Amino acid sequence: MNRKAQYKPQEIEVKWQKYWEENKTFSPDLKNAKNPYYTLMMFPYPSAEGLHVGNMYAFTGADIHGRYMRMKGKDVFEPIGLDGFGIHSENYALAVGRHPREQAKISEKNFYRQLRATGNAYDWTRTLETYDPDYYRWTQWIFVQMFKKGLAYRKKARVNWCPSDKTVLADEQVIDGRCERCSSVVEKRDLEQWFFKITAYADALLNGLNQIDWPEKIKIAQRQWIGKSEGSRIKFKVQNSKLKIKEIEVFTTRADTLFGATFLVLAPEHPISTSIRDKFVQQYIEKAKKKSDKERIENKEKTGVFSGLYGINPVNKEKIPIWIADYAVMGYGTGALFGDAHDERDTEFAKKYGIRLKPTLHTGDKKKDKRIDSLEECFTGDGVLFDSGEFSGLSSAEAKKKIAQWLERYRAGGPETTYHLRDWLISRQRYWGPPIPIIYCRKCWGNSKLKTQNSKLIEGRDYAIIDGREHMIRAVPEEQLPVELPDVKDWRPEGTGTSPLANHPEFYQTKCPSCNSSAKRETDVSDTFLDSSWYYLRYLSIQNQEARIKKQGTSSKDIKSDQPLEIGNLKLDIPYDLKIVRRWCPIAIYIGGAEHSVLHLLYVRFIAMVLHDLNLDDRLSIIDNRSKINIQNLRSKIHDLALPFAEPFPRFFAHGLIISEGAKMSKSRGNIVVPDIYIEKFGADTLRLYLMFLGPFSQGGDFRDTGIEGMHRFVRRVWNLFTTKEFGEDNQDTLQMINKTIKKVTLDIEEFSYNTAIARLMEFYNFISDNNKSWSQQTARSYLRLFAPFAPHLAEEVWQEMKHEARSKNQGEINHDSKFMIRDSIHFSEWPKYDEKYLVQEKVTVVVQVNGKRRGEVTIDSSNIGKKNEVESLARKEVEKYVAGKSVKNVIYIPGRIINFVI
RNA sequence: GCCGCGGUGGUGGAAUGGUAGACACGAGGGCCUUAAGAGCCCUUGUCCGCAAGGGCGUGGGAGUUCGACUCUCCCCCGCGGCACCA
């Protein structure tokens, strides 16, 4: 190429971004694609001033993978959207004093502008926003399915309350006793809330981990969070109790120490604790309740109070005191435990309150056993039982089994499995979220009272107590979805324990879908993690962006599903197109941050499993009251509604985080770096390369803008190389170098080792920019194609230039890669292949060592690699002064690498 | 306390058990230029030495090996997750 054009990234980047979008370069045909490859990056929440370089880092890394796979011949689907519903966006709206809906529009525009400027290969015909009624309609639909399956229920619970965000939080959103979002100390409140029964899927979530290719770190975090622990349930009779409850059940993993149980401990919230009519006991409980989790964590000094009651140990009939102490927590096991001398917490507590302790385990080490007997040492390991009746002499492991069997035989307990995982608290007393699609009907309660025995109805699932009176719980019928979030002026949270929507009768006053009398809507909205728990399915089902744009302004009630499922003459609306879902899911690779280990990444698996388990009965219940159809007929015609997979993301890659000034980028720290100024100054290609060059993609790095100039120099040099260096013939060196580069870059990209891939590209540049080196047009093209994932605009522009060059020079040459003639984009061009024959070096350097120390080197012909004797005699000459006169004990030759004389 | 990850030049970081520090940034020197900028070239782990060359070097200590940043064990430090979970 002879013409020297100046590199103007600002011009070429916008030009190509427009070209890609207009030509739908990155919008695959979802129905007919032959090699579907769905690559997904966790979508952003547009909460702050805009996309920051941390986001751009993650998105670029994901995009490089997508662009690479496309060049490998896959039909890549790489969508983007905004997780704009929820507390984070509402908090930002609060901070800037704008209505969330208004702010969402501003953020949306800004984010999409920035995302376009990064040059990522997104399918711009299929974007989604979680606050779009057409989206949250289906979020609500999922809530309804959960309710119908009995997986959504109401419960009065002691919940995490953030005084600053003025809402409840899920356990997963409380970090070190503080709010995940605003770091306020989380308080406890007793509120009636909606929960999702994720605990019903604890085992499935645990077992599924064995089948997915995720970083071990995240699998471990999830296992730990689910916290399965197998042990025993043991019933202690309560003696002389005037209470209704005659038994206390405890959970233990150490049934082997049961004979040493000298006291029982109840959590303050335990039903027995709360029912004891004693001033001191109730005072203690009140005090314990007020303690926040943070206080509990920071002050581990044990406190408790004697309940006045005694329990009977089922194995030895010993009468032991029952204490109430807040080191027992209600949420785990049964909220009750037995205390013994082989647990540090129990021992600490017993010593403080002068409770008797009785060791029952020995180690066999006499000195140690003496210390155990005298309570000088609290032994918590496995040992051999003594003073334990018929179980004395058994090892801990044997005793655990046998005692559990004994308990079962005498109906005093048995094996039991507990989980750390708690049910997912889904309701939020905020404005900016999908209203929970539930209606409470007083009339239906009255009707049901007449018809059935109310004792069969379960509180929280069938009925709820609203304003002190029972109401039946009714799901909003699916054809009435969405329950639209009204535009209200008083959207700010007040901290009253109810959502701002509770001040709006025009919202909550409604008709019961069952009996048509006046009823009341739920006014809470759902957790933002529900929005993001199924979005990957929706991308596949957005068929017609133009239609979506047109329909704006019409009421969303008029919107019909894009993909009605037809069953006989009945049209059933579901949120995803199953034909397309089957073709594209599960997702080839999911990329995102590891910080969502026990949040999004757990919820998204849970919801997929529930949707996977939708069975025929569920399907019938969905279409229930809508049409009188012959069910037998239907069974044969019905299409699968259930997702065809339980694990949506068989492969997950966790990218690293970009930090700035030593801390994770966040608005509150004020260390946000926005990519805009860099893109404006150097272009997106330079910034992409720079970010990817910082370090391994899995590791992240510290953003400093000092190195970006250097990267810009490199990009310019590459541009100049392509626009000025003449094409000629490849010589052997060049062929070896380009093949080596192709091989290494390919491997590096596949391992997400983008930083080393870029280093290879630089190495090749350093090699070829030498005036003495010559390259052919074909080699130049191969090299250029390696750039395409990293610097897509530059690659496109140069590709175009080279096409013209070829055309003017020699018409025939164009056809050597006919694809770009059809579609004018490098991204339809094949990824270059390397030829192993050029990777074999003619000359090989063998390092010569004497006793492992490097003493020289010899160069041999590659055909002589296997000839040890020849290499040895050459090597001997090289190190004559070291081996002369000494007896060589051994010669170790690693072919082509090292020859070592042991003397 | 438990679990996981990491520790390599001034900096970011490279190294299927085989010449440690690729590739960059920064720094120093030079060329070009009226100047600035851009570009190009050289040097750059450290110590001794004019040089040739040599010694020492991947948090510390041991071990396996002809050979260890890499594998094993112990210790120190940093980061992340979980945590009165019975």
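The chains referred to below are lettered A, B, ... by the order of the sequence lines, with proteins before strands, and numbering in each begins at 1. Every value quoted in this text rests on a predicted model; they were computed, and no experiment measured them.
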How many whole angstroms separate atom [atom1] of [X] from atom [atom2] of [N]?
| X | N | atom1 | atom2 | value |
| --- | --- | --- | --- | --- |
| Ile218(A) | G81(B) | CD1 | P | 12 Å |
| Phe236(A) | A86(B) | CZ | P | 16 Å |
| Trp225(A) | G80(B) | CH2 | P | 18 Å |
| Ile403(A) | A86(B) | CD1 | P | 18 Å |
| Leu602(A) | C82(B) | CG | P | 13 Å |
| Glu344(A) | A83(B) | CD | C1' | 14 Å |
| Glu216(A) | G6(B) | CD | P | 13 Å |
| Met711(A) | G12(B) | CE | P | 16 Å |

Hey, what are the protein-to-nucleotides 36-43 of chain B N/O distances that come in under 3.5 Å?
unit_1, atom_1, unit_2, atom_2, d
G39(B), OP1, Arg716(A), NH2, 3.2
C40(B), OP1, Arg717(A), NH1, 3.4
C40(B), OP2, Arg717(A), NH1, 3.1

Contacts of type side-chain contact (heavy atoms from CB on, under 4.5 Å), residue [X], not counting sequence neighbours:
| X | result |
| --- | --- |
| Asp382(A) | Arg254(A), Ser396(A), Lys400(A) |
| Thr334(A) | Glu249(A), Ala336(A) |
| Lys8(A) | Gln6(A), Glu11(A) |
| Asn772(A) | Asp770(A) |

Parallel, tilted or perpendicular: ring planes of Tyr678(A) versus Phe703(A), cut at 30 and 60 degrees |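 Perpendicular.
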Watson-Crick or G-U wobble partner of [N], both distances under 3.5 Å:
| N | value |
| --- | --- |
| G45(B) | C56(B) |
| G9(B) | none |
| G17(B) | none |
| G39(B) | C31(B) |
| U72(B) | A62(B) |
| G4(B) | C79(B) |
| A51(B) | none |

Drop me the distance from Thr741(A)'s OG1 to Met762(A)'s CE, to the nearest 0.5 angstrom.
->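 If we round to the nearest 0.5 Å, Thr741(A):OG1 and Met762(A):CE are 13.5 Å apart.
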When the C1' atoms of U33(B) and G39(B) are considered, how many whole Å apart are they?
->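 Between the two C1' atoms, the distance is 11 Å.
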In whole angstrom, give me the gap between the P atoms of G61(B) and A51(B).
->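 31 Å, rounded to whole Å.
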Cation over ring, Lys302(A) on Phe349(A), under 6.0 Å and within 45°?
->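 No, a cation-pi geometry is absent between Lys302(A) and Phe349(A).
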Let me know, please, whether Gly707(A) or Arg704(A) comes out on the 5' side of the other along RNA chain B by nearest nucleotide.
->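 The 5'-side residue here is Arg704(A).
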Could you pick out which residue, Gln224(A) or Thr252(A), lies toward the 5' side of RNA chain B when each is mapped onto its nearest nucleotide?
->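 Closer to the 5' end of RNA chain B: Gln224(A).
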Scan Asn766(A) against the nucleic acid and name what it touches under 4.0 Å (heavy atoms): base, sugar-phosphate only, or nothing.
->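 It contacts sugar-phosphate atoms only.
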Quick one: label Gly710(A) by what it contacts on the DNA or RNA (base, sugar-phosphate, nothing), any heavy atom closer than 4.0 Å.
->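 If one applies the 4.0 Å heavy-atom cut-off, Gly710(A) turns out to touch the sugar-phosphate alone, with no base involved.
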For [X], side-chain hydrogen bond (donor to acceptor under 3.5 Å, both in side chains) partners two or more places apart:
| X | value |
| --- | --- |
| Lys228(A) | Asp203(A) |
| Ser597(A) | none |
| Ser307(A) | none |

Step by step, would you call Phe306(A) with Trp323(A) a ring pair (Phe, Tyr, Trp, His ring centres under 6.0 Å)?
-> CA-CA 4 Å; Phe306(A) 177 52; Trp323(A) 285 70; 5.7 Å; yes
Please tell me which of the listed nucleotides, C82(B), A22(B), A86(B), lies nearest to the side chain of Thr253(A)?
->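 So the nucleotide nearest the side chain must be A86(B).
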To the side chain of Ile220(A), which of C84(B), C23(B), G4(B) is closest?
->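 When the side chain of Ile220(A) is considered, G4(B) is the closest of C84(B), C23(B), G4(B).
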Short N/O separations, protein against nucleotides 13-17 of chain B, under 3.5 angstrom:
unit_1, atom_1, unit_2, atom_2, d
G13(B), OP1, Gln699(A), NE2, 3.4
G13(B), O3', Asn755(A), ND2, 3.3
A14(B), OP1, Asn755(A), ND2, 3.3
U16(B), O4, Arg897(A), NH2, 2.9

Is there a side-chain polar atom (N or O) of His342(A) under 4.0 Å from OP1 or OP2 of A86(B)?
->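 His342(A) to A86(B) OP1/OP2: no side-chain N or O under 4.0 Å.
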Give a yes or no on whether a donor-acceptor pair under 3.5 Å exists between the nucleobase atoms of C84(B), that is its base, and the side chain of Lys302(A).
->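 By the distance-only test, yes, there is a pair.
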